[in-house]
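Let me begin by presenting the structure, written as structure tokens, before commenting on it.
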Amino acid sequence: MRIERARGTRDFLPAEMLKRRIMEAKMRDIAEKWGYEEIRTPTFELAELFTLKSGEEILKNMYEFKDKGGRHLALRPELTAPVIRMYVNELKMAPKPVKVYYFGNCFRYEEPQRARYREFWQFGAEIIGSDSPEAQAEIIALAFYCLKSLGIKAELYVGHVGLIREVLQAANMEEAEINKVMNLIDKGEREAVVEFMGGIGTERELIDDLISLVDLKGKDALNEARALKIIASNNDALKELEMLLKIIDYYDIVYTLNLGIARGLDYYTGMVFEIYKADGKLGAQNQVCGGGSYRLAALFGGADTPSTGFAFGIDRLAEIFPLETDDLKRKEVVVVPIKEKNRNPDVIKEAIKIASELREFFPTHMDVMSRSLSAQLSYANAINASFAVFVGKKEVKEGKVTLRNLDTGVQEKMSVEECVERIRNQV
RNA sequence: GCCGGGGUGUGGUAGAGGUAUCCCUUGGGACUGUGGAUCCCAAGACCUGGGUUCAAAUCCCAGCCCCGGCCCCA
């Protein structure tokens, strides 16, 4: 009986892993150069960590279970909450800002489709201890430069949920109601917003102002927001956003302002941003990155700590990552012991010694199937190796090897040292 | 959760009621150290379960899975 993969999960074959390692290395390099340090949190957590503040949509899709001790656990549906939990548990005395990055798999029970899986991978970074415009801009810039190093072009949208939340709070709405409205705004359901707010007795004028606020997009959005009477011109969120945009410009980053971005995670409090790949290559799942400022630490038993961060969907990036096939081709060497009929142990001994020397520099294979010379060459050809190194009776006697370039078919007898040099020069 | 389109060896395919085709692949053998070839042998498939039929890969139903879309997210 054949066992299938669980729905929504994937096996990564060598070629895919190689590609992902290359991508990971590029992103890790950027994060390190910006002074961030890598961390890793557990694959599962107490379910409570996520039920506290993650938002309705996430909870609906969570893999929850009880362990044998009766603990209520969940596979992590996202990584921000675990990272902040780690900060509160282990890092709260570290000098601020704490700057960390991470790669990790997440789990959500959703219908699999293009670029959406039940187990998916995120790369994220957080600045813990600040949600200043400088921190917000740095996080956006970091995300931007990661994409740049991957050679991926995508569109950046920046918004600010603080602006909208303040309007709603001023209207004396309760937190649950506010979250509900934010959720509807995020979905773009304007009528539902009007209906819901009307239903709880909000004034018509305020509702209209809110709708026009979230519909603001582009360069003049800020001035227009100011013109709307519901936002005071000395409004903190507005001033913060203005400063942020100024700094983003200093980073030379192209963006579009969109006050309608509300984000599905309830914990965002200030700036929010999303990055889309809008050329259709990702189908309906074109968001590759999301992030913003939030306050979660207090919720997990720490001091109230402003934080800012983002997360990339690595699987989506992997689908659009432009990779030359040359990048994927490793230069490999196959050591071919020519054992003849009697499995000459001298030849095997010498071949092992030579393979060990080559392994200092190159991925090196050696026959483990007792194959004939032609069968070994055939294998070398099948795995697309670049060189074969023959070790036979004659070579052993002369203390040399025969190096064969498998692309050109040219071969020559030489010392092991020279052989290493030759291969290095052609790699 | 909802809506489309699909499932034949590892992959690609033919078969549209009657012994499942071909290519690639994989393993073995022949071949005295270049045969990365050639020849021979072998392995390996009708998604699962029901139903119709003398007979089902083929027709019907359900499920599972895959691909895509809605919603939401990364």
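Note: hydrogens, waters and symmetry copies are ignored here, and every other heavy atom, side chains too, is used. Please read these numbers as outputs of a predicted model, since none were measured by experiment. Below, chains carry the letters A, B, ... as their sequence lines are ordered, and counting in each starts from 1.
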Checklist entry - Touch check for A/A380, heavy atoms < 4.0 angstrom, all strands: base, sugar-phosphate only, or nothing? => result nothing
Checklist entry - Ion pair present between A/E45 and A/R85, side-chain N to carboxylate O less than 4.0 angstrom? => result yes
Checklist entry - For B/rG1, which nucleotide in any strand shown is its Watson-Crick or wobble partner with both distances under 3.5 Å? => result B/rC70
Checklist outcome for this item: A/M369 has its side chain closest, among B/rU34, B/rC31, B/rG27, to B/rG27
Next on the checklist: Base, sugar-phosphate or nothing for A/Y117? Non-hydrogen atoms, less than 4.0 Å.
Outcome noted: base
Checklist entry - Do the ring centers of A/W34 and A/Y145 come within less than 6.0 Å of each other? => result yes
Next on the checklist: Classify A/G409 by what it touches in the nucleic acid, base, sugar-phosphate, or nothing, heavy-atom distance under 4.0 Å.
Outcome noted: base
Item to check | Distance, P atom - from B/rC47 to B/rA20, rounded to whole angstrom | outcome: 15 Å
Checklist entry - How long is the line joining CE of A/M27 and P of B/rA74, in whole Å? => result 16 Å
Item to check | Ring-face cation of A/R118 near A/Y109 (centre distance under 6.0 Å, axis angle within 45°) | outcome: yes
Next on the checklist: Can you measure A/I383 atom CD1 to B/rU26 atom P for me and round it to whole angstrom units?
Outcome noted: 11 Å
Next on the checklist: Quiz question: going by heavy-atom distance under 3.5 Å, is there a donor-acceptor pair between the base of B/rG36 and the side chain of A/R404?
Outcome noted: yes
Item to check | Ring centroid separation A/Y294 to A/Y267 under 6.0 Å | outcome: yes
Next on the checklist: Are A/Y63 and A/F65, when compared by the centres of their aromatic rings, separated by less than 6.0 Å?
Outcome noted: no
Next on the checklist: Students often get this wrong, so: under 4.0 angstrom with heavy atoms, is A/L406 touching a base, only sugar-phosphate, or nothing?
Outcome noted: base
Next on the checklist: What is the distance, to the nearest angstrom, from the CD atom on A/E111 to the C1' atom on B/rC66?
Outcome noted: 12 Å
Item to check | Same-atom distance (C1') from B/rA45 to B/rU58, integer angstrom | outcome: 16 Å
Item to check | Closest nucleotide among B/rG69, B/rU34, B/rC66 to the A/R7 side chain | outcome: B/rC66
Item to check | Polar side-chain contact A/E274-B/rA74 base: donor and acceptor under 3.5 Å | outcome: no
Item to check | P-based separation of B/rG44 from B/rU10 [nearest Å] | outcome: 11 Å
Item to check | Pairing partner (Watson-Crick or G-U wobble, both distances under 3.5 angstrom) of B/rU34 | outcome: none
Checklist outcome for this item: Out of B/rU34, B/rG68, B/rA37, minimum distance to the side chain of A/Q113 belongs to B/rG68
Checklist entry - What interatomic distance, in whole Å, is found between P of B/rA37 and the corresponding atom of B/rC24? => result 12 Å
Under 3.5 Å donor-acceptor pairs involving side-chain atoms of residues 147-164 of chain A, not counting sequence neighbours:
| unit_1 | atom_1 | unit_2 | atom_2 | d |
| --- | --- | --- | --- | --- |
| A/S149 | OG | A/C146 | O | 3.0 |
| A/E155 | OE1 | A/Y157 | OH | 3.3 |
| A/H160 | ND1 | A/G162 | N | 3.0 |
| A/H160 | ND1 | A/L163 | N | 3.3 |
| A/H160 | NE2 | A/E240 | OE2 | 2.9 |

Checklist entry - What is the nucleic acid contact for A/R371, judged by heavy atoms within less than 4.0 Å: base, sugar-phosphate only, or nothing? => result sugar-phosphate
Item to check | Axial cation check for A/Y117 ring with A/R10, 6.0 Å and 45° limits | outcome: yes
Item to check | Proximal nucleotide (of B/rU34, B/rU26, B/rG1) relative to the A/L373 side chain | outcome: B/rU34
Item to check | Distance, rounded to the nearest Å, where A/I320 contributes CD1 and B/rA74 contributes P | outcome: 16 Å
Next on the checklist: Taking the C1' atom in each of B/rC23 and B/rC61, what is the distance between them to the nearest angstrom?
Outcome noted: 36 Å
Next on the checklist: Considering every strand and a 4.0 Å limit on heavy-atom distances, what is the contact class for A/E395: base, sugar-phosphate, or nothing?
Outcome noted: base
Next on the checklist: What is the separation between atom OH on A/Y379 and atom P on B/rA37, rounded to the nearest whole Å?
Outcome noted: 15 Å
Next on the checklist: Taking any heavy-atom pair under 4.0 Å as a contact, classify A/F390: base, sugar-phosphate, or nothing.
Outcome noted: base
Item to check | Face-to-face stacking of A/F120 with B/rA74, centres under 5.5 angstrom, angle under 30° | outcome: yes
Next on the checklist: For B/rA74 and A/Q287 - does any side-chain N or O of the residue sit under 4.0 Å from the phosphate oxygens OP1/OP2?
Outcome noted: yes
Item to check | Proximal nucleotide (of B/rG69, B/rG28, B/rC31) relative to the A/R114 side chain | outcome: B/rG69
Checklist entry - Expressed in angstrom and rounded to an integer, what is the separation of A/K413 atom NZ from B/rU34 atom P? => result 13 Å
Item to check | Counterpart base for B/rG44, defined by Watson-Crick or G-U wobble contacts under 3.5 Å | outcome: none
Do any side-chain atoms of residues 353-360 of chain A form donor-acceptor pairs under 3.5 angstrom with protein atoms, and if so which ones, sequence neighbours left out?
| unit_1 | atom_1 | unit_2 | atom_2 | d |
| --- | --- | --- | --- | --- |
| A/S356 | OG | A/I352 | O | 2.9 |
| A/R359 | NE | A/T364 | O | 3.2 |
| A/R359 | NH2 | A/T364 | O | 3.2 |

Checklist entry - Charged N to carboxylate O below 4.0 Å: is that the case for A/E24 and A/R20? => result no
Item to check | Nucleotide paired to B/rA55 in any strand shown, Watson-Crick or G-U, under 3.5 Å | outcome: none
Next on the checklist: Taking the nucleotide of RNA chain B with the nearest heavy atom to each, does A/D315 or A/G8 sit closer to the 5' end?
Outcome noted: A/G8
Checklist entry - How is A/G104 classified with respect to the nucleic acid when contacts are heavy atoms under 4.0 Å: base, sugar-phosphate, or nothing? => result nothing
Next on the checklist: With rounding to the closest Å, how many angstrom separate the C1' atoms on B/rC2 and B/rA57?
Outcome noted: 31 Å
Item to check | Nearest-nucleotide comparison on RNA chain B, the residue closer to the 5′ end among A/Y109 and A/K394 | outcome: A/Y109
Checklist entry - Heavy atoms under 4.0 Å, any strand shown: does A/N405 hit a base, just sugar-phosphate, or nothing? => result base
Checklist entry - So, is A/S374 close to the B/rA37 phosphate, meaning a side-chain N or O under 4.0 Å from OP1 or OP2? => result no
Checklist entry - Where the side chain of A/Q122 is defined as all heavy atoms beyond and including C-beta, which of B/rU26, B/rG36, B/rA74 is the nearest nucleotide? => result B/rA74
Checklist entry - Rounded to whole angstroms, how far apart are CG on A/N381 and P on B/rG36? => result 9 Å
Checklist entry - Roughly how far apart, to the nearest Å, are B/rA30 and B/rG68 at atom P? => result 48 Å
Checklist entry - Mind checking the C1' distance from B/rC3 to B/rC71? Whole angstroms is fine. => result 12 Å
Checklist entry - Taking atom P of B/rA74 as reference, at what distance in whole Å does atom CG of A/N61 sit? => result 12 Å
